[in-house]
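Notes to accompany the following structure.
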Amino acid sequence: GENVEQHPSTLSVQEGDSAVIKCTYSDSASNYFPWYKQELGKRPQLIIDIRSNVGEKKDQRIAVTLNKTAKHFSLHITETQPEDSAVYFCAASMAGNQFYFGTGTSLTVIP
Amino acid sequence: DVKVTQSSRYLVKRTGEKVFLECVQDMDHENMFWYRQDPGLGLRLIYFSYDVKMKEKGDIPEGYSVSREKKERFSLILESASTNQTSMYLCAIKRTGGRTEAFFGQGTRLTVV
């Protein structure tokens with residue numbers, strides 16, 4: 001099956017700086033890559049996604065890039081704010097069936 | 001909006017007990033999933049179901065079983081609970097439409113003592 005690796009496991013940044021989280025996947029058949037944010041005590045929620053026919057997607061301060069050849073994708077958060085502090089999960093999926101998740105990145109934004 | 005409801009937020013059970021975790025969705029979604037979440041290990045798929053009475057093993061099915069007798073309800077069963085099954089359990093549905101996503105319930109924190 002698919003194997004998704006995520007780095008780093010923890011990340012601390014100063015407010016206003018950028019944060020980057022990276023993931024790799026193993027199965028070239030995966031074609032859908034969502035990112036989830038989980039605030040403390042809450043459910044994971046989808047924040048942005050990208051499909052394999054697109055190289056980059058942006059939504060306000062967050063963006064995701066995909067390199068199909070290298071089988072890696074990244075989440076970029078610019079101008080970080082304290083409310084961005086959370087655990088972030090990447091995932092890979094084939095046709096949106098099973099979702100294979102990374103191990104998570106705990107992001108702390110220091111005011 | 002879609003609702004995925006897990007019957008309990010917190011459960012404490014004894015070793016050897018049979019434990020039922022219930023998940024109910026209200027929008028007739030076909031695909032339902034059970035994950036467990038552990039620090040440093042992320043979200044690992046236990047079982048999933050594509051339709052009533054259909055079930056497929058995920059990555060870590062050992063010690064678990066599932067039941068889906070009705071489309072809206074997907075139950076996770078721990079046949080004989082063990083301490084290494086202490087974890088957060090998350091139910092999810094596959095929601096399609098504008099976006100395809102795994103939409104999660106609030107989770108059940110299970111402690112086996």
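A, B, ... follow the sequence lines: proteins, then strands. Residue 1 opens every chain. Small disclaimer: the values here were computed from a predicted structure and weren't measured.
Atom CE of B:Met88 is surrounded by more than 12 heavy atoms from other residues, nucleotides or ligands within 6.0 Å. The environment of A:Glu83 atom CD is dense: over 12 non-hydrogen atoms of other residues, nucleotides or ligands sit within 6.0 angstrom. Other residues, nucleotides and ligands place no more than 12 heavy atoms under 6.0 Å from the NZ atom of A:Lys22. In B:Glu17, the CD atom is crowded: over 12 heavy atoms of neighbouring residues, nucleotides or ligands sit closer than 6.0 Å.
In this structure, B:Val112 is not a member of the same hydrophobic cluster as B:Leu90, with clusters built from ILVMFWY side-chain heavy atoms closer than 4.5 Å. Using a 4.5 Å cut-off between side-chain heavy atoms of Ile, Leu, Val, Met, Phe, Trp and Tyr, with links allowed through other members, B:Trp34 and B:Phe48 fall into different hydrophobic clusters. Residues B:Phe20 and B:Leu76 are members of separate hydrophobic clusters, defined by side-chain heavy-atom contacts under 4.5 angstrom among Ile, Leu, Val, Met, Phe, Trp and Tyr.
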(request) Go through the steps for B:Glu101 and A:Phe99 under the test side chain to side chain contact (heavy atoms under 4.5 Å, CB included), then give the verdict. (result) CA-CA 9 Å; B:Glu101 66 174 297; A:Phe99 295 87; 5.7 Å; no
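For A:Pro34, no part sits under 4.5 Å from any heavy atom of chain B, backbone or side chain. Heavy-atom distances place the side chain of B:Arg9, and not its backbone, under 4.5 Å from chain A. Heavy atoms closer than 4.5 Å to chain A are found in the side chain of B:Asp59, but not in its backbone. Of the atoms belonging to B:Phe104, heavy atoms from both backbone and side chain fall under 4.5 Å from chain A.
Counted by atom type alone, A:Gln38 and B:Gln37 present one or more donor-acceptor pairs between their side chains at under 3.5 Å.
Listed for the B:Tyr35 side chain is no donor-acceptor partner under 3.5 Å among the backbone atoms of A:Phe101.
For the options B:Gly107, B:Ala102, B:Pro39, heavy-atom pairs under 4.5 Å to chain A are most numerous at B:Ala102.
In this structure, B:Leu45 and A:Gln98 approach most closely via the heavy-atom pair CD2-OE1, 3.3 Å.
Here the OH-CG distance, from A:Tyr36 to B:Leu43, works out to 9.5 Å after rounding to the nearest 0.5 Å.
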